[in-house]
Amino acid sequence: MKIGVLASQGAFIEHITALKKLDIDALPVRLPGELKGVDGLILPGGESTTISKLMKAYDLMQNVAALTRDGMPLFGTCAGMIMMAKKISGNGAVSLGLMDIAVKRNAFGRQVDSFEVDVDVPALGKAPFHAVFIRAPLIEQCEKGVEVLAKLKDNTIIAARQGKMLVTAFHPELTNDLRFHRYFVDIIKGKNN
Ligand code: GLN
């Protein structure tokens with residue numbers, strides 16, 4: 001199995017490291033040709049405005065959108081989640097418009113308001129997941145067909161799945177907990193549908 005990690009900008013190296021720990025062949029993707037033969041793609045956190053500009057400049061928007069619509073599994077973390085949402089509020093970024101969620105950018109405030117908290121993610125088992133939020137977005141709304149995977153205590157939705165698309169508002173790649181990456185690998189394998 002080969003998983004691509006969009007390497008235009010942001011925390012892509014950490015995702016590659018996490019996948020390697022799972023013995024998965026992980027490769028950085030900067031050009032459309034590098035998408036050939038990947039079984040899934042991760043869109044990392046970073047700055048969604050920058051990521052969308054670079055994806056446009058390198059002709060990746062349409063390619064990634066088309067492949068995902070054809071069934072390529074896609075995992076977006078933080079800015080990556082923003083890139084996947086059909087609706088974005090809180091000053092514009094251009095997204096791929098793939099997943100039936102509405103997200104709000106920078107929903108928890110500025111850089112200094114970044115925080116970490118243990119959250120329950122029933123799909124990953126009993127142990128809580130240590131979630132790192134950095135100028136994070138939140139999911140304001142999920143349409144039919146979207147499964148909520150995790151919420152904060154105040155019911156803010158912070159992780160969800162729709163078919164082979166997976167999103168987290170936080171950064172699983174910044175912890176040593178590989179369960180979200182393993183969950184994505186299982187989506188690719190068709191194990192947890
Ligand atoms: N604030 C960023 C954005 O709106 C996301 C931050 C992140 O990916 N850690 O794009």
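Counting starts at 1 for both ligands and their atoms, in listed order.
A salt bridge links Arg105 to Glu47: one of the charged nitrogens lies within less than 4.0 Å of a carboxylate oxygen.
Proximity to Gly45 (heavy-atom distance under 4.0 Å) selects the following atoms of ligand 1: 8 (O). The distance from ligand 1 to the heavy atoms of Asn106 drops below 4.0 Å at these ligand atoms: 1 (N), 2 (C), 4 (O). Ligand 1 places these atoms under 4.0 Å from at least one heavy atom of Ser48: 3 (C), 4 (O), 10 (O). Listed by number with element, the atoms of ligand 1 under 4.0 angstrom from any heavy atom of Cys78 are 5 (C), 6 (C), 7 (C), 8 (O), 9 (N).
Ring planes of His181 and His15: tilted class, angle from 30 to 60°.
Under 4.0 angstrom from ligand 1, the non-hydrogen atoms of Ile82 all belong to its side chain. Contacts of Arg105 with ligand 1, taken as heavy-atom pairs under 4.0 Å, involve the side chain alone.
Side-chain contact of Thr156 with Asp154: a donor-acceptor pair under 3.5 Å is present, judged by distance alone. Judged purely by distance below 3.5 Å, without hydrogens or angles, the side chains of Ser114 and Arg135 never pair a donor atom with an acceptor atom.
When every heavy atom of Asp39 is checked against every heavy atom of Met1, the shortest pair comes out as OD2-CA, 3.4 Å.
A chain of hydrophobic side-chain contacts below 4.5 Å, direct or via other Ile, Leu, Val, Met, Phe, Trp or Tyr residues, connects Val117 to Phe180.
When only non-hydrogen protein atoms are considered, atom 2 (C) of ligand 1 lies nearest to Gly46 O, 3.5 Å.
Residue Pro137 has no N or O atom closer than 3.5 Å to an N or O atom of ligand 1.
Under the side-chain contact (heavy atoms from CB on, under 4.5 Å) test applied with Leu74, the options Ile187, Leu6, Leu43 reduce to a single match, Leu43.
For atom 9 (N) of ligand 1, the choice among His171, Met81, Gln9, Lys104 with the nearest heavy atom turns out to be His171.
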